[in-house]
Asks: 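Dropping a structure here in structure tokens format, bear with me for questions.
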Amino acid sequence: MKPETADLPASLPHWRWLDWPVPGVRAGHSWRSGGASAPPWHSFNLGDHVGDLPAAVAANRRRLSDTLGVQPVFLRQVHGWGVQSLPCPNDTEADAVWTEQPAQGCCIMVADCLPVLLSDERGRVVAAAHAGWRGLCGHHGIGVIETLMQVLRAHAPQARWHAWLGPAIGPRAFEVGEDVRQAFIAATPPSQAHFLPLPGRMGKWWCDLPGLARDRLRACGVSEVWGNDGSDEWCTHTRADLYFSHRRDGRSGRMAAVIFLDP
């Protein structure tokens with residue numbers, strides 16, 4: 001059974017649960033609709049660092065917590081590869097988070113970067129990672145996914161892992177320069193397969209962020225990877241009706257992907 005998206009009830013326009021294949025694990029992601037924020041953050045903005053009214057963000061975060069039945073922890077994400085365990089306070093600096101404790105919400109905010117949710121096959125550990133291109137590429141090929149998996153394997157060395165990739169800027173919308181392409185190829189040469197040249201734009205490339213993440217996960221031994229396949233359905237830049245996109249709009253709200261163990 002794959003964690004494809006569940007039907008969206010009309011009463012929950014702000015949230016979509018996933019059918020996670022491991023008992024005791026709950027996961028999902030937010031839409032941009034169904035919240036209290038005014039334009040240009042309309043309307044279910046969860047980011048408190050993008051210029052939105054604090055009262056609107058607080059109302060949206062309360063609604064998210066009420067929907068989940070747990071309190072998610074909102075990290076201060078810096079496009080790096082730091083890993084934090086829960087419990088920890090909001091605004092803790094990290095780009096990945098994990099826990100073995102029930103009712104601890106591992107939460108990643110995005111508006112084009114790729115959220116990655118993980119659990120072990122027995123439902124003992126859950127984790128989430130913020131995979132923008134910098135954090136994904138990392139240093140000498142060691143980025144946020146490799147660092148997180150190293151921590152997870154230290155706590156559950158024999159476990160098999162499930163991963164889900166959430167909405168992100170798609171491979172026909174994410175334009176990057178030669179520097180980004182070369183950084184990935186230098187770290188992992190097969191990465192060149194996930195870059196296509198832009199017609200008539202010397203030194204500019206389309207970058208397949210979900211494809212790069214799948215390769216990194218599989219290299220870490222995560223064989224069960226679902227979710228974002230690079231199609232327009234998942235593209236934050238393309239689907240303005242569903243998703244926030246910083247690259248598209250400049251001033252933009254933030255969505256969240258959350259995973260936790262049942263209380």
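Counting begins at 1 with the first residue of the sequence.
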Asks: Looking at His246, I'd like to know if its NE2 atom is crowded, meaning that more than 12 non-hydrogen atoms belonging to other residues, nucleotides or ligands lie closer than 6.0 Å.
Replies: no
Asks: Counting heavy atoms not belonging to His139, are there more than 12 under 6.0 Å from its NE2?
Replies: no
Asks: Can Leu212 be reached from Ile169 by stepping across I, L, V, M, F, W or Y side chains whose heavy atoms are under 4.5 Å apart?
Replies: yes
Asks: Look up atom CD in Gln150 and atom SG in Cys220, then write down how far apart they are to the nearest 0.5 Å.
Replies: 9.5 Å
Asks: I would like to know whether Val97 and Leu75 meet side chain to side chain contact (heavy atoms under 4.5 Å, CB included); could you show each step before the answer?
Replies: CA-CA 9 Å; Val97 61; Leu75 302 173; 4.0 Å; yes
Asks: Is the side chain of Ser43 donor-acceptor paired with the backbone N or O of Ala36 at a distance under 3.5 Å, no angle test?
Replies: no
Asks: Roughly how far, to the nearest 0.5 Å, is CG of Asp52 from CZ of Arg251?
Replies: 9.5 Å
Asks: Among His194, Gln192, Glu178, find the residue that satisfies the side chain to side chain donor-acceptor pair (under 3.5 Å) test when tested with Trp205.
Replies: Glu178
Asks: If we only count heavy atoms from C-beta on, is the Pro115 to His29 side-chain gap below 4.5 Å?
Replies: no
Asks: For residues Val151 and Met149: do they belong to one hydrophobic cluster (side chain heavy atoms under 4.5 Å, members Ile, Leu, Val, Met, Phe, Trp, Tyr)?
Replies: yes
Asks: With respect to Cys106, which candidate in Val125, Leu86, Leu118 satisfies the side-chain contact (heavy atoms from CB on, under 4.5 Å) definition?
Replies: Leu86
Asks: With heavy-atom distances below 4.5 Å as the criterion, would you say the side chains of Asp232 and Arg239 are in contact?
Replies: no
Asks: Ring-plane angle category for His155 and Trp98, please: parallel below 30°, perpendicular beyond 60°, tilted otherwise.
Replies: tilted
Asks: Ignoring hydrogens and angles, tell me if any N or O in the side chain of Arg63 forms a donor-acceptor pair with the backbone of Gly35 under 3.5 Å.
Replies: no
Asks: Answer with yes or no whether the hydrophobic clustering places Val222 together with Val22; edges join I, L, V, M, F, W, Y residues whose side-chain heavy atoms lie under 4.5 Å apart.
Replies: no
Asks: Indicate the atoms forming the closest heavy-atom contact of Ser37 with Asn60, along with that distance.
Replies: OG-ND2, 3.1 Å
Asks: Cluster question for you: counting only ILVMFWY and a side-chain heavy-atom cut-off of under 4.5 Å, with indirect links fine, are Val110 and Trp133 together?
Replies: no
Asks: Is Thr147 reaching over with its side chain to a backbone N or O of Val144, donor-acceptor style, under 3.5 angstrom?
Replies: no
Asks: Between the side chain of Trp41 and the main-chain N/O of Val50, is any donor-acceptor distance below 3.5 Å?
Replies: yes
Asks: If the test is side-chain contact (heavy atoms from CB on, under 4.5 Å), which one of Leu209, Asp229, Leu217 qualifies with Leu165?
Replies: Leu217
Asks: Are any of the side-chain heavy atoms of Pro87 and Val73 separated by less than 4.5 Å?
Replies: no
Asks: Of the non-hydrogen atoms in Ala187 and His140, which two are nearest, and what is the gap between them?
Replies: CB-C, 4.3 Å
Asks: Side chains of Trp161 and Glu224 only: does a donor on one sit below 3.5 Å from an acceptor on the other?
Replies: no
Asks: Might you work through the side chain to side chain contact (heavy atoms under 4.5 Å, CB included) test for Cys207 and Arg181, ending with a clear yes or no?
Replies: CA-CA 8 Å; Cys207 174; Arg181 177 175 175 268; over 6 Å; no
Asks: Quick check against the 3.5 Å criterion: does Asn228 have a side-chain atom that pairs as donor or acceptor with the backbone of Gly166?
Replies: yes
Asks: For residues Gly28 and Leu18, report the shortest heavy-atom separation together with the two atoms involved.
Replies: CA-CG, 3.8 Å
Asks: Are the side chain of Asn45 and the backbone of Gly47 linked by a donor-acceptor contact shorter than 3.5 Å?
Replies: yes
Asks: When hydrophobic residues are tied together by side-chain contacts of less than 4.5 Å, even through go-betweens, does Phe74 share a cluster with Val83?
Replies: no
Asks: Counting only heavy atoms from other residues, nucleotides and ligands, does the tally under 6.0 Å from CZ of Arg122 exceed 12?
Replies: no
Asks: Side chains of Leu68 and Val258, heavy atoms from C-beta outward: is any pair under 4.5 Å?
Replies: yes
Asks: Knowing that exactly one of Val116, Leu117, Ile259 qualifies, which makes a side-chain contact (heavy atoms from CB on, under 4.5 Å) with Trp164?
Replies: Leu117
Asks: Step by step, work out the side chain to side chain contact (heavy atoms under 4.5 Å, CB included) result for Trp20 and His162.
Replies: CA-CA 9 Å; Trp20 200 267; His162 298 267; 4.2 Å; yes
Asks: Kindly compute the distance separating CZ (Phe195) from CG (Asp208), expressed to the nearest 0.5 Å.
Replies: 9.0 Å
Asks: Quick check: closest heavy atoms across Arg134 and Trp81, and the distance to 0.1 Å?
Replies: O-CZ3, 3.7 Å
Asks: Can you find a pair of side-chain heavy atoms, one from Phe244 and one from Thr236, that are under 4.5 Å apart?
Replies: no
Asks: Might you work through the side chain to side chain contact (heavy atoms under 4.5 Å, CB included) test for Leu64 and Leu46, ending with a clear yes or no?
Replies: CA-CA 9 Å; Leu64 177 63; Leu46 297 165; 3.9 Å; yes
Asks: When the ring planes of Phe44 and His14 are compared, do they come out parallel, tilted or perpendicular, using 30° and 60° as the limits?
Replies: perpendicular
Asks: Distance from Ile108 atom CD1 to Met255 atom CE, nearest 0.5 Å?
Replies: 13.0 Å
Asks: Taking all atoms of both residues into account, what is the closest heavy-atom pair of Pro210 and Leu114, and its distance?
Replies: CA-CD2, 4.1 Å
Asks: Look only at the side chain of Gln182 and the backbone of Asp179, and say whether a donor-acceptor pair between them is shorter than 3.5 Å.
Replies: no
Asks: Can you tell me if Arg248 uses its side chain to pair, donor with acceptor, with the backbone of His237 under 3.5 Å?
Replies: yes
Asks: Working to the nearest 0.5 Å, report the span between CZ of Arg32 and OH of Tyr243.
Replies: 12.0 Å
Asks: Please check: side-chain N/O of Arg216 versus main-chain N/O of Leu136, any donor-acceptor pairing under 3.5 Å?
Replies: yes
Asks: To the nearest 0.5 Å, tell me how far Arg254 CZ sits from Gln77 CD.
Replies: 9.0 Å
Asks: Between Asp19 and Trp226, is there a side-chain heavy-atom distance shorter than 4.5 Å?
Replies: no
Asks: Looking at every heavy atom in both Cys113 and Ala168, which two are closest together, and how far apart are they?
Replies: O-CB, 3.6 Å
Asks: Near Glu100 CD, under 6.0 Å, is it more than 12 heavy atoms from other residues, nucleotides or ligands?
Replies: yes
Asks: Any side-chain to backbone donor/acceptor pair from Ser30 onto Ala256? Under 3.5 Å, distance only.
Replies: yes
Asks: Check whether any side-chain heavy atom of Pro72 sits under 4.5 Å from a side-chain heavy atom of Ser65, and report yes or no.
Replies: yes
